[in-house]
Amino acid sequence: MQTEATSFTATNVEATAPSAPLRVAIVGGGIAGVALGIGLAGRSHLQVSLFEAASAFGEVGAGVSFGPNAVRAVAGLGLENEYLALADCTPMPWQQIWFDWRYATDGSYIGSSLAPPTGQSSVHRAEFLELLSQRLPEGVARFSKRAVAVAQEADLATITFADGTTEVADLVIVADGIKSALREGVLRGRGLAPAAPVYSGTRAYRGMVDTAQLRSAFQASGLDARMVDVPQMFLAENIHILTFPVKHGALTNIVAFITDATTAGRWPADDPWVCPATSQQMLEEFAPCGDPVRLILSHIQQPTVWALHDLAELDAYVHGRVALIGDAAHAMLPHQGAGAGQGLEDAYFLAELLADPALGHADVPHLLEIYESIRKPRACAVQRTSREAGDLYEFRDADAGSDAAVLKHLLETRFDWIWNHDLDSDVMQARARLAALTSPA
């Protein structure tokens with residue numbers, strides 16, 4: 001994904017690189033933060049530093065699914081070949097299938113969503129972050145640096161860390177996740193109330209199993225092995241279960257969701273979000289499911305159970321010289337496989353805008369205002385529809401009702417607007433608006 005490098009005329013500067021590099025501080029070493037670091041690294045007009053609270057890069061979770069839009073953002077950041085070498089995809093002749101949709105009660109087929117050209121593109125989170133970190137130039141990342149606050153004055157931003165040290169930057173990008181320590185400062189700076197993660201009422205049992213063993217078990221039980229070879233989504237009332245390959249098909253990632261809407265917003269503040277579970281506990285919760293689902297779940301030997309939280313749609317992503325990206329801005333439920341993709345879109349968008357060597361110190365607040373105005377409506381829409389997707393999958397959507405044909409249509413078409421979005425057009429719009437703001441009258 002490449003766009004024409006149209007320079008803007010920065011305020012009171014020549015259309016050349018500024019005499020002093022812009023200091024860009026990225027807070028958070030997850031997928032969005034490291035991807036942005038890669039997109040900005042090596043540009044002579046920028047001095048990029050990435051601050052990670054942990055002692056090394058690391059990701060929590062197992063498999064993550066990328067839609068075609070996310071894969072295009074990865075390619076735009078210059079990582080296409082490495083990503084494609086790492087990623088799993090659905091084998092031929094089903095290579096364009098994102099998921100088969102089935103009823104969980106008996107495994108009967110509803111339809112299939114197609115996601116050309118990538119189909120189901122998925123990676124192990126930790127492996128993908130390792131890939132990204134290997135492309136980050138030496139010296140950019142600084143570890144054991146837990147940011148606790150950002151203060152802005154005199155057209156500069158000062159980050160304070162838990163170890164008592166500080167860092168001054170011209171631009172701070174906050175990518176420290178759903179539990180962001182810096183989000184409150186951005187919102188309060190805009191006169192808004194803080195926003196904390198909210199429990200959705202849904203828990204998810206997770207595990208990875210040996211694909212060959214699962215396939216053998218399906219064949220021995222007389223069940224269609226397509227349910228192993230092709231990514232699946234099994235649906236039932238207040239339940240849905242998904243499967244897709246990781247580790248080049250050697251393992252199958254399984255996530256089994258169960259919802260109690262009466263508990264939404266009521267997760268105890270001191271309780272962990274991720275806990276070990278037993279196979280017996282999991283199978284009892286999914287007792288309404290039929291043989292295919294129960295066989296899949298029975299292969300998870302040591303499941304974990306996750307309390308799914310997301311954020312309300314924020315009214316602001318930016319304050320002055322500080323911007324939220326990724327889960328710090330728009331943490332969402334995983335029901336559309338779109339959360340990581342939105343973080344990657346943020347990273348690509350900002351990397352493209354900050355790539356212009358004519359960018360001046362005074363232009364940073366304008367650039368961030370444009371980032372918010374273009375990216376926030378899309379990310380909020382993906383957040384909102386991710387919640388709605390859970391309702392659809394678990395038969396709480398009144399539009400689907402009990403009409404199988406309506407359900408099939410909704411399932412097969414609801415992702416098109418996410419996957420087909422033209423992010424390069426957004427970048428070009430942003431460049432034009434920035435040029436209009438910064439050009440002399």
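Here the structure is a predicted model, which means the values were calculated and not measured.
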Checklist entry - Any side-chain heavy atom of Arg378 within less than 4.5 Å of one from Trp417? => result yes

Checklist entry - Are Asp424 and Tyr348 close enough, and set up right, to give a side chain to side chain donor-acceptor pair (under 3.5 Å), and what steps lead you there? => result CA-CA 9 Å; Asp424 284 330; Tyr348 176 77; 2.8 Å; yes

Next on the checklist: Under a 3.5 Å distance rule, please check whether Gln152 uses its side chain to pair with a backbone N or O of His319 as donor and acceptor.
Outcome noted: yes

Next on the checklist: Between the side chains of Glu127 and Lys247, is the shortest nitrogen-to-carboxylate-oxygen separation below 4.0 Å, so that they form an ion pair?
Outcome noted: yes

Next on the checklist: If you define the side chain from C-beta out and look only at heavy atoms, does anything of Ile173 sit under 4.5 Å from Leu350?
Outcome noted: yes

Next on the checklist: What's the separation between atom CG in Leu136 and atom CG in Leu36, rounded to the nearest 0.5 Å?
Outcome noted: 10.0 Å

Next on the checklist: Let me confirm one number: the CG-SG distance from Asp315 to Cys380, rounded to the nearest 0.5 Å.
Outcome noted: 8.0 Å

Checklist entry - Do NZ/NE/NH1/NH2 and the carboxylate oxygens of Arg414 and Asp416 come within less than 4.0 Å? => result no

Next on the checklist: Within the 3.5 Å criterion, strictly below it, is a donor on Asp426 or His421 matched to an acceptor on the partner's side chain?
Outcome noted: yes

Next on the checklist: Let me confirm one number: the OH-CD1 distance from Tyr317 to Ile325, rounded to the nearest 0.5 Å.
Outcome noted: 11.5 Å

Checklist entry - Between Phe143 and Phe51, is the ring centre distance below 6.0 Å? => result no

Checklist entry - Going by heavy atoms in the side chains, are Arg183 and Val174 under 4.5 Å from each other? => result no

Checklist entry - NE2 of His409: more than 12 outside heavy atoms within 6.0 angstrom? => result no

Checklist entry - Going by heavy atoms in the side chains, are Gln429 and Leu434 under 4.5 Å from each other? => result no

Item to check | Contact check, side chains of Ile159 and Val27, non-hydrogen atoms, under 4.5 Å | outcome: yes

Item to check | Thr252-Thr243 side chain donor-acceptor pair, cut-off 3.5 Å | outcome: no

Next on the checklist: I need the Leu392 CG to Leu407 CG distance, nearest 0.5 Å.
Outcome noted: 6.0 Å

Next on the checklist: When you compare the side chain of Ile300 with that of Tyr205, does any pair of heavy atoms fall below 4.5 Å?
Outcome noted: no

Next on the checklist: Check this for me: Asp291, atom CG, are more than 12 non-hydrogen atoms of other residues, nucleotides or ligands nearer than 6.0 Å?
Outcome noted: no

Checklist entry - If you measure from the Lys or Arg side-chain nitrogens to the Asp or Glu carboxylate oxygens, is any gap between Lys376 and Glu372 under 4.0 Å? => result no

Next on the checklist: Between Ser112 and Glu412, do the side chains contain a donor N or O and an acceptor N or O under 3.5 Å apart?
Outcome noted: no

Item to check | Side chain Arg321, main chain Asp170, donor-acceptor under 3.5 Å | outcome: yes

Checklist entry - For Gly78, does its backbone N or O pair with a side-chain atom of Arg135 as donor and acceptor, under 3.5 Å? => result yes

Checklist outcome for this item: Rounding to 0.5 Å, atoms CZ (Arg206) and CG (Leu242) come to a distance of 8.5 Å

Checklist entry - Is the closest side-chain donor-acceptor distance between Gln95 and Thr90 under 3.5 Å? => result no

Checklist entry - Are Lys145 and Asp163 ion-paired here, with the side-chain N under 4.0 Å from a carboxylate O? => result yes

Item to check | Distance, nearest 0.5 Å, that separates OG of Ser113 from CD1 of Ile97 | outcome: 9.5 Å

Checklist entry - Does Arg375 have any side chain to side chain donor-acceptor pair (under 3.5 Å) partners at least two apart in sequence or in another chain, and if so, which? => result Gln342, Glu345, Asp346

Checklist entry - Between His330 and Gln383, does any side-chain donor sit less than 3.5 Å from a side-chain acceptor? => result no

Item to check | Leu314 side chain near Leu324 side chain, heavy-atom distance below 4.5 Å | outcome: yes

Next on the checklist: Strictly distance-based, threshold 3.5 Å: is any side-chain N or O of Asp88 a donor or acceptor partner for the main-chain N or O of Gly249?
Outcome noted: yes

Item to check | Any donor-acceptor pair under 3.5 Å from Thr385 side chain to Val382 backbone | outcome: yes

Next on the checklist: Can you tell whether the side chains of Arg203 and Glu285 come within less than 4.0 Å, N to carboxylate O?
Outcome noted: yes

Checklist entry - Do Gln336 and Ile418 have side-chain heavy atoms sitting under 4.5 Å apart? => result yes

Item to check | Matching residue for Tyr393 among Phe234, Trp101, Phe99 - test: ring pair (Phe, Tyr, Trp, His ring centres under 6.0 Å) | outcome: Trp101

Item to check | Residues Arg387 and Glu313 bridged, charged N to O under 4.0 Å | outcome: yes

Next on the checklist: Can you confirm whether or not the ring centre of Tyr109 sits under 6.0 Å from the ring centre of Tyr103?
Outcome noted: no

Checklist entry - Asp422 side chain to Ser425 main-chain N or O, any donor-acceptor pair under 3.5 Å? => result yes

Item to check | With sequence neighbours excluded, residues passing side chain to side chain donor-acceptor pair (under 3.5 Å) with Thr262 | outcome: Asp260

Item to check | Side chain His299, main chain Leu295, donor-acceptor under 3.5 Å | outcome: yes

Checklist entry - Would a distance-only check, ignoring hydrogens and angles, find a side-chain to backbone donor-acceptor pair under 3.5 Å from Ser200 to His309? => result no

Checklist entry - Is it the case that more than 12 heavy atoms not belonging to Glu237 sit under 6.0 Å from its CD atom? => result no

Item to check | Stepwise salt bridge (charged side-chain N to carboxylate O under 4.0 Å, His left out) test for Glu52 and Arg146 | outcome: CA-CA 6 Å; Glu52 165 56 31; Arg146 182 178 298 279; over 6 Å; no

Item to check | Gln232-Arg102 side chain donor-acceptor pair, cut-off 3.5 Å | outcome: yes

